Amino acid sequence: MELTLGFSPCPNDTFIFDALIHNKIDCEGLQFHVEYHDVETLNAKAFRGDLDITKLSYHAFAYAVEDYELLDSGSALGFGVGPLLICKDADLAKELAGYAGQDLPEKFKELKVGIPGKFTTANFLLSLAFPGLLNKQVMLFSEIEKSLLDGSIDIGLIIHENRFTYMDKGLHKIVDLGDYWEKTTGSAIPLGGIVIKRSLPEEVKQKVNRLISESVRFGFDHPKSGLDYIRSHAQEMEESVMYKHIELYVNQYSENLGEEGKKAIQQMFEKALELNLVPSTEKNIFLIK
């Protein structure tokens with residue numbers, strides 16, 4: 001049986017799926033047709049139901065939950081892994097940081113913010129910390145630093161490898177939005193998960209969940225096995241940056257969400273519903289109850 005599978009070309013995703021798609025583990029008769037896309041494209045594909053299995057933002061999952069359920073494996077979730085809000089002006093960074101969770105003065109409300117997608121978890125966290133920043137421009141995550149440097153945006157919301165490179169380009173952190181979430185909730189930050197179509201047979205869904213978990217374990221046991229594959233898709237080619245990225249986003253929650261991981265995800269859904277940021281649903285979120 002062949003299944004379509006979508007994930008990003010970022011090192012954490014290629015690390016997670018390397019063993020699965022390159023038959024380094026027994027896939028038990030399943031084959032995977034892989035598509036690589038940035039996270040907002042994956043979100044849009046999930047809204048249309050284009051793929052059998054896909055990575056998506058947890059924020060976006062609230063809009064796709066009628067058709068997909070969340071696997072227990074493959075997630076990017078943890079502490080100290082959140083998106084960063086940055087800018088070029090050190091004085092602006094310092095001043096704006098003091099308003100996290102508070103009403104913004106009018107002078108800040110027209111600042112142009114570059115975001116990696118409307119339905120990204122990063123944008124959800126931005127809406128929690130700075131609801132007054134509404135002048136948003138959606139762009140590819142890898143273009144945000146450049147847009148800050150050329151002055152086409154005032155503030156940038158960065159994810160993935162960029163959290164390791166922005167300082168080298170003379171940019172300044174305003175707030176770590178993951179840190180803001182952790183201090184507000186005490187929970188890990190749910191960034192992105194792997195979902196599977198509800199319409200697939202239960203046996204297939206359980207098998208895919210198990211195989212992704214095995215692929216993660218294979219990566220942990222053989223961390224350099226997929227180096228050439230990971231490097232071939234990475235935005236930042238330096239090996240040390242790739243593995244910093246992997247260490248940050250691939251952890252025990254990637255192998256198995258567990259009760260703590262599920263609690264954090266449920267907390268995010270409830271917070272989003274409370275703020276009317278997502279639609280409500282009667283569907284179960286999790287494949288593994």
Side-chain angles (χ1 to χ4, degrees), residues 1-37 39 42-43 45-58 60-78 190-223 225-226 229-230 233 246 249-266 269 281 283-289:
M1 182 178 188
E2 183 174 72
L3 299 168
T4 52
L5 167 64
F7 54 88
S8 83
C10 295
N12 61 306
D13 283 351
T14 49
F15 179 90
I16 284 171
F17 289 103
D18 170 54
L20 181 78
I21 66 173
H22 293 117
N23 297 306
K24 296 177 183 179
I25 59 172
D26 179 5
C27 289
E28 303 177 32
L30 294 183
Q31 295 179 309
F32 299 92
H33 174 75
V34 178
E35 295 186 17
Y36 301 95
H37 301 287
V39 66
L42 291 168
N43 291 341
K45 281 182 167 289
F47 300 155
R48 296 192 299 267
D50 288 352
L51 298 164
D52 296 317
I53 310 152
T54 187
K55 173 77 174 279
L56 85 175
S57 303
Y58 274 113
F61 181 35
Y63 295 86
V65 72
E66 298 296 316
D67 297 317
Y68 290 92
E69 51 198 326
L70 180 68
L71 297 183
D72 215 33
S73 56
S75 280
L77 188 133
L191 296 173
I194 308 298
V195 297
I196 190 164
K197 277 192 171 175
R198 293 183 182 273
S199 58
L200 287 169
E202 190 66 23
E203 178 188 353
V204 171
K205 292 187 283 188
Q206 297 288 345
K207 184 183 290 189
V208 169
N209 183 69
R210 186 174 66 253
L211 291 175
I212 294 175
S213 184
E214 287 180 20
S215 188
V216 174
R217 282 200 300 276
F218 185 95
F220 286 155
D221 292 340
H222 308 87
S225 172
Y229 166 62
I230 295 165
H233 290 283
I246 292 164
Y249 296 109
V250 186
N251 52 37
Q252 75 271 21
Y253 297 113
S254 306
E255 187 176 341
N256 187 318
L257 283 171
E259 291 307 312
E260 280 189 20
K262 290 176 184 175
K263 178 185 173 184
I265 294 159
Q266 193 68 53
F269 267 67
T281 181
K283 297 283 189 180
N284 288 321
I285 296 171
F286 306 104
L287 173 68
I288 310 295
K289 310 300 187 289

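It should be emphasised that the depicted structure is a prediction, and the values quoted were computed from it without experimental measurement.
In this structure Phe17 satisfies the ring-ring contact (aromatic ring centres under 6.0 Å, His included) test together with Phe7, sequence neighbours excluded. Scored by the salt bridge (charged side-chain N to carboxylate O under 4.0 Å, His left out) test, Glu28 finds Arg210 as partners (sequence neighbours excluded). With sequence neighbours excluded, no residue satisfies side chain to side chain contact (heavy atoms under 4.5 Å, CB included) with Gln252. With sequence neighbours left out, Asp67 forms a side chain to side chain contact (heavy atoms under 4.5 Å, CB included) with no residue at all. With sequence neighbours left out, the side chain to side chain contact (heavy atoms under 4.5 Å, CB included) criterion links Lys24 to Asp18, Ala19, His22, Phe218, Ser225.
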Derivation and outcome, side chain to side chain contact (heavy atoms under 4.5 Å, CB included), residues Phe61 and Ile285:
CA-CA 9 Å; Phe61 181 35; Ile285 296 171; 3.2 Å; yes
Please evaluate residues Leu3 and Leu200 with respect to the criterion side chain to side chain contact (heavy atoms under 4.5 Å, CB included), reporting the C-alpha separation (whole Å), side-chain torsions for both, the decisive distance (0.1 Å), and the verdict.
CA-CA 10 Å; Leu3 299 168; Leu200 287 169; 4.1 Å; yes
Determine, step by step, whether Leu5 and His33 satisfy the side chain to side chain contact (heavy atoms under 4.5 Å, CB included) criterion, reporting the C-alpha distance in whole Å, the side-chain angles of both residues, the deciding distance to 0.1 Å, and the verdict.
CA-CA 6 Å; Leu5 167 64; His33 174 75; over 6 Å; no
Quick one, Ile212 with Ile16, criterion side chain to side chain contact (heavy atoms under 4.5 Å, CB included). Give me CA distance, side-chain angles, the key distance, then yes/no.
CA-CA 7 Å; Ile212 294 175; Ile16 284 171; 4.2 Å; yes
Evaluate the salt bridge (Lys or Arg N to Asp or Glu O under 4.0 Å) criterion for residues Lys205 and Glu69: first the C-alpha distance (whole Å), next the side-chain angles of each, then the deciding distance (0.1 Å), finally the verdict.
CA-CA 9 Å; Lys205 292 187 283 188; Glu69 51 198 326; 2.5 Å; yes
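Aromatic ring centres of Phe15 and Tyr229: separated by at least 6.0 Å.
A 4.5 Å side-chain heavy-atom check between Leu70 and Leu287 finds every atom pair outside the cut-off. Lys207 places a side-chain heavy atom less than 4.5 Å from the side chain of Leu30. Leu71 has its side chain out of reach of Val195: every pair of non-hydrogen atoms, C-beta onward, lies at least 4.5 Å apart. Annotation: side chain of Ile265 is in contact with side chain of Pro190 (closest heavy-atom distance under 4.5 Å). In this structure, Ile246 and Ile230 have side chains that are in contact, with non-hydrogen atoms separated by less than 4.5 Å. For the pair Tyr63 and Val65, the minimum side-chain heavy-atom distance is 4.5 Å or more. Side-chain contact between Ile196 and Asp52 is absent, with no heavy atoms from C-beta onward closer than 4.5 Å. For the pair Ile53 and Phe32, the minimum side-chain heavy-atom distance is below 4.5 Å.
Among pairs with a residue in residues 212-221, those fulfilling side chain to side chain donor-acceptor pair (under 3.5 Å) read Ser213-Arg217, Arg217-Glu255, at least two apart in sequence or across chains.
Put simply, the side chain of Asn256 never gets that close to the backbone of Ser73: no donor and acceptor are under 3.5 Å apart.
Remark: Ile21 CD1 to Leu211 CG distance equals 13.5 Å, nearest 0.5 Å. Here the CZ-OG1 distance, from Phe269 to Thr281, works out to 8.5 Å after rounding to the nearest 0.5 Å.
The number of heavy atoms from other shown groups lying within 6.0 Å of CD (Glu203) does not exceed 12. Remark: Lys263 NZ is loosely packed, at most 12 non-hydrogen atoms of other residues, nucleotides or ligands lying under 6.0 Å away.
When every heavy atom of Leu42 is checked against every heavy atom of Lys55, the shortest pair comes out as CB-O, 3.4 Å. Residues Asp50 and Thr4 approach most closely at O-OG1, 4.2 Å, considering heavy atoms. Heavy-atom minimum distance, Asn209 versus Asp72: OD1-N, 2.7 Å. Taking each heavy atom of Ser8 and Asp13 in turn, the nearest pair found is OG-OD2, 2.8 Å. Listed here is the closest heavy atom pair of Ala46 and Thr54: CB-CG2, 4.2 Å. Closest non-hydrogen pair, Leu77 versus Gly261, comes out as CD2-CA, 3.9 Å.
At a cut-off of 3.5 Å, with distance as the only test, a side-chain donor of Tyr58 or Ser75 sits close to an acceptor on the other residue. Donor-acceptor pairing under 3.5 Å is recorded for the side chains of Glu35 and His37.
Glu66 has no carboxylate O lying under 4.0 Å from a charged side-chain N of Arg198, or vice versa, which leaves the two without a salt bridge.
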